[in-house]
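A quick write-up on the structure given underneath.
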Protein chains: 2
Amino acid sequence: MARAATTADPFNAIAERRRREILALLGRGERPVNDLVRSTGLAQPQVSKHLRVLRRVGLVRVRRVGRQRVYRLDTSGLRPVREWLDVVLREWQAKRRPRGRAL
Amino acid sequence: MARAATTADPFNAIAERRRREILALLGRGERPVNDLVRSTGLAQPQVSKHLRVLRRVGLVRVRRVGRQRVYRLDTSGLRPVREWLDVVLREWQAKRRPRGRAL
DNA sequence: TTGCCACATTCCCAGATGGGCACATATCAG
DNA sequence: CTGATATGTGCCCATCTGGGAATGTGGCAA
């Protein structure tokens with residue numbers, strides 16, 4: 001088997017640097033594609049492709065405004081990541097600091 | 001260019017399901033390879049390979065005990081992920097709930 | 001030394017990119 | 001309709017990958 005598709009889940013989607021960059025930008029507010037193109041310095045087609053991946057995994061949503069497409073971050077898509085991280089770190093903490101037994 | 005190496009950073013490393021599984025197991029405490037092999041149901045070589053990737057990105061550490069190698073989670077390696085996630089979510093919240101101005 | 005055990009490494013290969021580039025589409029101004 | 005603007009898609013290709021199977025290696029027991 002080869003590597004999983006980038007659209008397999010949020011973990012694979014955010015593995016790509018540029019996509020994280022795009023998500024970070026969208027975290028500060030919605031933006032049309034060309035805005036992202038300028039901010040990232042990437043070619044427009046590349047940005048569109050990254051956005052497509054982010055769309056497929058539910059990390060962003062689009063809204064059409066005239067001939068533009070305004071992208072918006074959908075934080076719910078990051079939930080699995082947050083949760084996995086929390087579980088791992090939480091359990092680790094529980095093991096590392098059993099001081100005074102658990103409550 | 002192709003996809004970044006799985007050993008490029010923690011984001012790429014945890015993109016793989018099996019590796020997340022291994023990290024979750026290690027979150028509950030150190031374990032020798034064979035333990036992980038049993039828990040994951042993967043073949044030993046595969047587990048070793050995943051562990052190698054996790055080692056390279058600093059997500060786990062090894063300790064030799066006799067002929068075994070005990071792996072331990074190194075949470076500091078997850079910091080970049082935690083931080084990126086926090087920044088994105090925090091900024092998003094700031095935009096979504098500007099109630100009563102910022103403090 | 002011999003043999004076994006716990007792991008790591010190497011080789012092979014189909015599958016999935018990400019960027020560059022050309023091109024298709026949709027919308028809006030004239 | 002025509003041209004310009006804003007995006008999405010298709011194609012090509014070097015590169016990295018995860019699993020399977022075989023092999024290499026260090027430590028321990030007899």
Side-chain angles (χ1 to χ4, degrees), chain A residues 1-26 30-73, chain B residues 1-26 30-73:
Chain A
M1 198 188 290
R3 215 172 195 173
T6 56
T7 52
D9 55 62
F11 291 94
N12 278 284
I14 68 171
E16 174 63 22
R17 213 192 224 193
R18 304 313 210 155
R19 282 194 288 267
R20 286 200 299 280
E21 202 178 327
I22 291 174
L23 290 177
L25 288 168
L26 292 178
E30 331 180 294
R31 301 199 180 194
V33 181
N34 263 328
D35 241 64
L36 296 172
V37 169
R38 265 171 252 132
S39 300
T40 62
L42 285 174
Q44 176 269 311
Q46 271 48 280
V47 173
S48 279
K49 284 182 208 169
H50 283 314
L51 287 170
R52 169 151 82 159
V53 172
L54 294 175
R55 239 185 293 140
R56 304 252 210 227
V57 292
L59 285 172
V60 301
R61 293 197 187 171
V62 212
R63 183 162 53 94
R64 322 182 56 146
V65 176
R67 34 186 151 180
Q68 304 186 291
R69 310 229 176 166
V70 181
Y71 280 82
R72 190 161 91 102
L73 177 65
Chain B
M1 197 188 294
R3 212 181 211 175
T6 55
T7 53
D9 56 61
F11 292 94
N12 279 285
I14 68 171
E16 172 64 22
R17 212 189 228 194
R18 302 313 209 156
R19 283 195 287 269
R20 287 201 300 280
E21 200 178 329
I22 290 175
L23 289 177
L25 287 168
L26 292 178
E30 334 179 291
R31 300 201 181 193
V33 181
N34 264 327
D35 241 64
L36 297 171
V37 169
R38 263 171 254 132
S39 300
T40 61
L42 285 174
Q44 176 268 311
Q46 272 46 282
V47 173
S48 280
K49 285 184 216 168
H50 283 314
L51 287 170
R52 170 149 83 158
V53 173
L54 295 175
R55 239 185 292 142
R56 304 252 212 227
V57 290
L59 285 171
V60 301
R61 293 196 186 171
V62 213
R63 182 162 53 93
R64 321 182 57 147
V65 177
R67 37 187 149 179
Q68 304 186 293
R69 311 226 176 165
V70 181
Y71 280 81
R72 190 162 91 101
L73 178 65

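These numbers come from a predicted model, not from an experiment. The analysis underlying the following values was restricted to heavy atoms, covering all of them including side chains, and did not include hydrogens, waters or symmetry mates. Residue numbers start from 1 in every chain, and the chains themselves are labelled A, B, ... in the order their sequence lines are given, proteins ahead of strands.
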Worksheet item: What's the CG-C1' distance between Leu42(A) and dT7(D), to the nearest Å?
Response: 15 Å
Worksheet entry | Positions of residues 7-21 of chain B (non-hydrogen atom under 4.0 Å from DNA chain D), listed by number | Glu16(B), Arg18(B), Arg19(B)
Worksheet entry | Arg31(A): side-chain hydrogen bond (donor to acceptor under 3.5 Å, both in side chains) partners, not counting sequence neighbours | Ser39(A)
Practice prompt. When you get a sec, tell me which of dT9(C), dT7(D), dC16(D) is the closest nucleotide to the side chain of Ser48(B)?
Written response: dT9(C)
Fill in: Residues in salt bridge (Lys or Arg N to Asp or Glu O under 4.0 Å) contact with Arg3(A), at least two apart in sequence or another chain
none
Worksheet entry | Within residues 56-63 of chain B, residues whose heavy atoms come under 4.0 Å of DNA chain D | none
Practice prompt. Ignoring backbone atoms, establish whether Asn34(B) has a side-chain N or O less than 4.0 Å from OP1 or OP2 of dC5(C).
Written response: no
Item to complete: Decide yes or no for Glu30(A) and Arg63(A): does some side-chain heavy atom of the first lie under 4.5 Å from some side-chain heavy atom of the second?
Response: yes
Worksheet item: Across the strands shown, which category fits Thr6(B) at heavy-atom distances under 4.0 angstrom: base, sugar-phosphate, nothing?
Response: sugar-phosphate
Worksheet item: Does His50(B) have a side-chain nitrogen or oxygen under 4.0 Å from the phosphate oxygens OP1 or OP2 of dT17(D)?
Response: no
Fill in: Nearest atoms (heavy-atom pairs only) where Asn12(B) meets Ala5(B)
CB-O, 3.5 Å
Worksheet entry | Side chain proximity check, Arg20(B) to Asp9(A), heavy atoms < 4.5 angstrom | yes
Worksheet item: When you check every protein heavy atom under 4.0 Å of nucleotides 21-30 of chain D, what one-letter string (B, S, -) results, 5' to 3'?
Response: BB---SBS--
Fill in: CZ/Arg55(A): more than 12 non-hydrogen atoms of other groups inside 6.0 Å
yes
Worksheet, complete the sentence: Comparing nearest nucleotides in DNA chain D, the 5'-proximal residue of the pair Ala43(B), Arg55(A) is Arg55(A)
Practice prompt. Check whether any side-chain heavy atom of Leu26(B) lies under 4.5 Å from a side-chain heavy atom of Leu36(B), and answer yes or no.
Written response: yes
Practice prompt. Could you pull out all residues at least two apart from Thr40(B) that satisfy side-chain hydrogen bond (donor to acceptor under 3.5 Å, both in side chains)?
Written response: none
Discussion item. Counting C-beta onward and ignoring hydrogens, is there a side-chain heavy-atom pair between Thr6(B) and Glu16(B) closer than 4.5 Å?
Written reply: no
Fill in: 5' precedence on DNA chain C between Ala2(A) and Tyr71(B) (nearest-nucleotide basis)
Tyr71(B)
Worksheet item: Sub-3.5 Å donor-acceptor pair from the side chain of Arg69(A) to the main-chain atoms of Val62(A), do we have one?
Response: no
Worksheet item: For Arg3(A) and dG18(D), what is the distance between atoms CZ and C1' respectively, to the nearest whole Å?
Response: 10 Å
Worksheet item: Nearest of dT9(C), dG19(D), dG10(D) to any side-chain atom of Arg52(B)?
Response: dT9(C)
Item to complete: Find the distance Leu36(A):CG to dT7(D):P and express it as a whole number of Å.
Response: 9 Å
Worksheet, complete the sentence: Tightest non-hydrogen contact, residues Val33(B) and Leu51(B), listed as CG2-CD1, 3.9 Å
